[in-house]
Amino acid sequence: MPTQFTLNGHPAKYDGDPEMPLLWAIRDEFDLAGTKFGCGIAQCGACTVHIDGEASRSCVTPVAAIAGKSVTTIEGLNNAVGRAVKHAWTEIDVPQCGYCQSGQIMSASALLMAKKRPSDPDIDEAMSGNICRCATYLRIRKAIHLAASSVAS
């Protein structure tokens, strides 16, 4: 039985192994390469997507778990918050190597959708599961504050 869900605002159907991690379905079956493989055990955050608006690790989420749900990847993050976060990332020049950035942006967007004006501790807590080997954490925090101020204005 195919798994039906919404992917980036469009109906989607996956007719393979229901235990396949969502990450691989997104990348290999739907040809969306923005969601990255990092660790495969939900520890690094590179694979972060939104499932029904909540930041989730796609590397450990079986496709069967998203039946009837809405999945948003970095490619589909086009709401006001997502645009503000992407703009702030560019404005602050957050990335160094850039590998973790789609997961960072997805986590930051989920945070700002839940909390319009996060404090530094709020940001640190929400972003703690996203690892950046280049250590751009201070720029990430600055970009989240910039995005929050632009969405709130």
Side-chain angles (χ1 to χ4, degrees), residues 1-79 81-90 92-115 118 120-144 147:
M1 188 80 160
T3 302
Q4 296 186 17
F5 59 102
T6 302
L7 180 61
N8 294 333
H10 303 286
K13 180 170 53 171
Y14 175 74
D15 199 15
D17 179 2
E19 294 306 310
M20 174 186 259
L22 176 59
L23 168 67
W24 299 116
I26 290 168
R27 291 183 60 82
D28 296 342
E29 303 298 321
F30 295 97
D31 295 321
L32 298 171
T35 305
K36 304 297 185 196
F37 173 77
C39 66
I41 56 171
Q43 296 296 306
C44 75
C47 70
T48 302
V49 298
H50 294 172
I51 300 175
D52 286 345
E54 195 171 308
S56 303
R57 304 303 165 91
S58 64
C59 72
V60 296
T61 302
V63 173
I66 60 156
K69 296 183 179 182
S70 178
V71 176
T72 304
T73 67
I74 190 75
E75 293 91 346
L77 187 64
N78 296 319
N79 61 16
V81 170
R83 287 189 306 273
V85 171
K86 289 176 184 179
H87 176 77
W89 244 246
T90 302
I92 302 298
D93 197 21
V94 171
Q96 259 183 273
C97 84
Y99 194 83
C100 70
Q101 295 307 304
S102 62
Q104 300 277 3
I105 288 169
M106 296 304 288
S107 291
S109 298
L111 168 63
L112 291 178
M113 285 187 258
K115 190 167 210 149
D120 284 349
D122 293 332
I123 293 169
D124 294 345
E125 181 181 337
M127 303 302 289
S128 67
N130 289 77
I131 297 171
C132 175
R133 293 185 64 159
C134 302
T136 63
Y137 300 113
L138 294 177
R139 293 195 308 253
I140 288 169
R141 185 186 299 144
K142 187 175 179 181
I144 291 171

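The first residue of the sequence shown is numbered 1, and numbering continues consecutively from there. Below, all heavy atoms of this structure are taken into account, side chains as well, without hydrogens, waters or symmetry copies.
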Original post:
Which residue, Leu22, Leu7, Asp52, forms the side chain to side chain contact (heavy atoms under 4.5 Å, CB included) with Ile66?
Top reply: Leu22

Subject >> Qualifying side chain to side chain donor-acceptor pair (under 3.5 Å) pairs, either residue in residues 26-44, two or more places apart >> reply: none

**OP:** Assess whether side-chain contact (heavy atoms from CB on, under 4.5 Å) is satisfied between Thr72 and Val49, documenting all intermediate values.
**Re:** CA-CA 6 Å; Thr72 304; Val49 298; over 6 Å; no

Original post:
Within the distance-only criterion (no hydrogens, no angle test), does the side chain of Asp15 pair as donor or acceptor with the backbone N or O of Thr3 below 3.5 angstrom?
Top reply: no

Original post:
Can you say whether the rings of Phe30 and Phe5 are parallel (under 30°), tilted (30 to 60°) or perpendicular (over 60°)?
Top reply: perpendicular

Original post:
Under the side-chain contact (heavy atoms from CB on, under 4.5 Å) criterion, do Tyr14 and Met20 qualify, and how do the steps go?
Top reply: CA-CA 10 Å; Tyr14 175 74; Met20 174 186 259; 3.1 Å; yes

Subject >> Non-hydrogen atoms of Glu19 and Pro62 that approach each other most closely >> reply: OE1-CB, 3.8 Å

Original post:
Do the non-hydrogen side-chain atoms of Val85 and Ile144 ever get within less than 4.5 Å of each other?
Top reply: no

Subject >> Close side-chain approach of Cys59 to Ile41, heavy-atom, < 4.5 Å >> reply: no

Original post:
Closest heavy-atom contact between Lys115 and Pro118?
Top reply: O-CD, 3.5 Å

**OP:** Answer whether the closest heavy-atom distance between the side chains of His50 and Ile74 falls below 4.5 Å.
**Re:** no

Original post:
Just how far is it from atom CD of Glu125 to atom CD1 of Ile123, taken to the nearest 0.5 Å?
Top reply: 11.5 Å

Original post:
Counting only N and O atoms by type, is there a donor-acceptor contact under 3.5 Å from the side chain of Tyr137 to the main-chain atoms of Cys132?
Top reply: yes

Original post:
Does the side chain of Arg139 reach to within under 4.5 Å of the side chain of Trp89, using non-hydrogen atoms?
Top reply: no

Original post:
If you look at every heavy atom in Gly34 and Ser102, which pair is closest and at what distance?
Top reply: O-OG, 2.7 Å

Subject >> Gap separating the CG atom of Leu23 from the OG1 atom of Thr73, nearest 0.5 angstrom >> reply: 11.0 Å

Subject >> Minimum side-chain heavy-atom gap Thr136-Gln101 below 4.5 Å >> reply: yes

**OP:** Check Ser109 against Val81 and note the closest heavy-atom contact, atom names and distance.
**Re:** O-CG1, 3.7 Å

Subject >> Side-chain heavy atoms of Thr6 within contact of Val71, under 4.5 Å >> reply: no

**OP:** With the side chain counted from C-beta on, respond yes when Thr48 and Gln104 share a heavy-atom pair under 4.5 Å apart, and no when they do not.
**Re:** no

Original post:
Do side-chain atoms of Lys86 reach the backbone of Leu77 as a donor and acceptor pair under 3.5 angstrom?
Top reply: yes

**OP:** For Gly103 and Asn130, work out which heavy atoms get closest and say how close.
**Re:** O-ND2, 3.2 Å

Original post:
Is any NZ, NE, NH1 or NH2 atom of the basic residue among Arg141 and Asp120 found under 4.0 Å from an Asp or Glu carboxylate oxygen of the other?
Top reply: yes

Original post:
Just checking, is any N or O donor in the side chain of Glu54 or Ser56 under 3.5 Å from an acceptor N or O on the other one?
Top reply: no

Subject >> Side chain proximity check, Asn8 to Glu75, heavy atoms < 4.5 angstrom >> reply: yes

Subject >> Contact summary for Gly38 and Cys44, nearest pair of heavy atoms >> reply: CA-SG, 3.6 Å

